[in-house]
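Structure, as structure tokens:
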Amino acid sequence: MTAGTVIIGAGQAGLSAAEALRKRGYDAPVTLIGDELAPPYQRPPLSKGYLSRELPADRLWLKPESYYAGAAIDLRPGVRIARIDRAARCVVTTQGELIAFDHLILATGGAARRLPLPGADLPGVHVLRSLAHADALSDALAQARSLAIIGAGYIGLEVAASARKRGLEVTVLEAADRPMSRTASPLLGGWFGALHRGYGVDLQVSTGVAAITGSHRADGVRLMDGERIEADVVLIAAGLTPGVELAEDAGLACADGILVDAHARTSDPGIYAIGDVARFDSALYGRSIRLESVQNAIEQGRAAAAAICGARAPYDPVPWFWSDQYAIKLQIAGLIDGADRMVRRGDPEEGAFALFHFRNDVLIACEAVNAAPEFMAAQRLIAARARPDPDRLRDVTVAMRAFLS
Amino acid sequence: MAKITYIEHSGAEHVVDVETGLTVMEGAIRNLVPGIDADCGGACACATCHVYVDPDWMDRTGPRQSMEESMLDFASDVRDNSRLSCQIKVSGALDGLIVRLPEQQG
């Protein structure tokens, strides 16, 4: 009997790989190991509908309980892996159990970054990555009147919107000069800043936090300029640290993520990495990228499964992302880094518009606010490395379909 | 509860009971009906839960929402009775609903 495939990490990526192996007819054992107690679940709603209490926990599960036995996937929740023994081709749990593998897939995601601030370890200081985090934050908000959020990225802003829906006073503190400075264009970041202020969020940009205050539990934050902001609950929303520890300890090549090729293979043939933790060369963008998205989790999981089954299906995605805040749906296709020209379509004042980003006349990204046709068309145009005419793109009387023919 | 029949492109039928308040997409996921990917989990962001509503049921499932309409505009093999199943909420009025699945999603 063969040892089969062991997957470390039972999130969206790990599950996608397991499911894809079975869909491809892989008949060796598949073991899906997760360190959380919950079965595989959707993370995106944790900062959105789940936190605003519009979506109950039982609607988060990616599969019904009966799926795993039916698909012969050995789901092992609540199990932590201590190390990978590459020579012996096995992983070792923190309980000392050895689990052998022919193929190993690392889908270890990452941890919410905790800032090295004084007071960051106080009770009442939260981060948001897991369902347990979301439950803790949600329970804390039920007892609170005010929330301070450090960081105005997607998680910070989505939590701000959800907390406003629940009636809390919300302050968001951002060190950069605008929200979403890492991933979005200045125009889009500024627009979202205004949106949040319109909903009563006290958003302060170019604002450094010096400390989280409180003697026994957090009661606010102190800013670099000395000002103090009171808050019953503090959320640190400062991004993700990729979970490379097991891979690094095992001597696999890592650099802000586990390095993989277009088939999700690490520097050890037989060991793969997928999802938030994997860094790969994008042929489309001509550089190495690491994507934190549902799409990447699902598709790179499928790519690893394909490679294990001997298929050749190089993974070179047009990245896409979405965010729901208040009544706004943001959809982003592509990556804006390196853009040298932006074209606007529609009027931001009217709440529906798209920003197209070009590099050397080639469309590389589209940020669409309540503008699904622009988003859907852009995905295809970016994949085709198309050069749509900026003047026609700007003209809302030209339907997006016209650019696809 | 509503009884919903999902018919795969191959003709395979899945008749399942779906709890009121869920979506037609969730009914498929929970009952392991193949052919509905729902990558975005029901956020109307991906168009991978496309179904064809049986013509006799189109009145009761109601019209497409505007975001859904736009997403469907760019899905493949879209017909008059195309819907994104994440945007159809299950109620008693949909007891007996029949939906058919496209050849492939995305």
Side-chain angles (χ1 to χ4, degrees), chain A residues 12 16 19-20 22-23 41-46 48-50 55-56 58-68 70-71 293-299 301-302 320-324 327-333 352 368 370-381 399-401 403-404, chain B residues 4 6 8-10 12 14 16-50 64-78 82-90 101 104-106:
Chain A
Q12 190 121 33
S16 169
E19 183 176 22
R22 289 298 182 233
K23 277 191 179 163
Y41 60 87
Q42 308 177 57
R43 286 190 202 280
L46 296 183
K48 311 181 183 86
Y50 186 66
L55 197 73
D58 74 342
R59 293 177 75 176
L60 295 178
W61 313 135
L62 286 165
K63 293 289 181 190
E65 218 181 326
S66 63
Y67 168 77
Y68 300 95
S293 72
V294 164
Q295 172 219 13
N296 180 60
I298 292 173
E299 294 181 7
R302 289 178 187 151
W320 63 264
F321 313 85
W322 85 91
S323 177
D324 297 318
I328 301 298
K329 181 170 296 293
L330 168 65
Q331 293 165 298
I332 297 178
N370 290 345
E374 283 74 5
F375 166 73
M376 294 294 279
Q379 283 185 308
R380 298 191 196 173
L381 294 169
M400 287 310 298
R401 277 215 153 274
F403 295 94
L404 297 179
Chain B
I4 300 181
Y6 299 84
E8 291 183 60
H9 189 73
S10 66
H14 305 261
V16 302
D17 289 321
V18 181
E19 224 174 284
T20 301
L22 298 181
T23 63
V24 170
M25 176 277 282
E26 288 175 300
I29 299 289
R30 287 187 177 205
N31 292 286
L32 303 175
V33 176
I36 290 186
D37 291 341
D39 286 356
C40 76
C44 196
C46 73
T48 61
C49 66
H50 179 192
R64 299 170 187 164
Q65 310 297 307
S66 79
M67 176 68 65
E68 177 189 358
E69 177 91 47
S70 304
M71 296 298 290
L72 275 170
D73 234 3
F74 291 85
S76 41
D77 202 5
V78 175
S82 288
R83 291 292 310 270
L84 294 181
S85 57
C86 73
Q87 302 300 307
I88 307 174
K89 202 160 233 181
V90 175
L101 309 186
Q104 65 182 91
Q105 292 286 353

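This one's a predicted model, so the numbers in the text were calculated from it and none came from an experiment. Quick note on labels: first sequence line is chain A, next is B, and so on, each numbered from 1.
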Part of [X] lying under 4.5 Å from any heavy atom of chain B:
X: A/Pro44; answer: neither
X: A/Gln12; answer: side chain
X: A/Leu60; answer: neither
X: A/Ala377; answer: both
X: A/Phe321; answer: neither

Which one of B/Asp39, B/Asn31, B/Leu22 has the most heavy-atom pairs closer than 4.5 Å to chain A?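 If we count pairs closer than 4.5 Å to chain A, B/Asp39 comes out on top.
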Separation between [atom1] of [X] and [atom2] of [Y], rounded to the nearest 0.5 Å:
X: B/Phe74; Y: A/Gln379; atom1: CZ; atom2: CD; value: 10.5 Å
X: A/Trp61; Y: B/Arg30; atom1: CH2; atom2: CZ; value: 10.5 Å
X: B/Asp37; Y: A/Glu19; atom1: CG; atom2: CD; value: 8.0 Å

Has the side chain of A/Arg59 got a donor or acceptor atom that lies under 3.5 Å from a matching backbone atom of B/Glu26?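 No, A/Arg59 side chain to B/Glu26 backbone: no donor-acceptor pair under 3.5 Å.
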With respect to chain B, which residue among A/Lys63, A/Gln42, A/Lys329 yields the maximal number of heavy-atom pairs within a distance under 4.5 Å?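 Max contact count across the listed options: A/Lys329.
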Identify the heavy atoms of [X] and [Y] that sit nearest to each other, and give their distance.
X: A/Trp320; Y: B/Cys40; answer: CH2-CB, 4.3 Å
X: A/Pro64; Y: B/Ile29; answer: CD-O, 3.5 Å
X: A/Arg380; Y: B/Ala75; answer: NH2-N, 4.3 Å

Chi angles and distances behind the side chain to side chain contact (heavy atoms under 4.5 Å, CB included) call for A/Trp322, B/Cys44: CA-CA 10 Å; A/Trp322 85 91; B/Cys44 196; over 6 Å; no
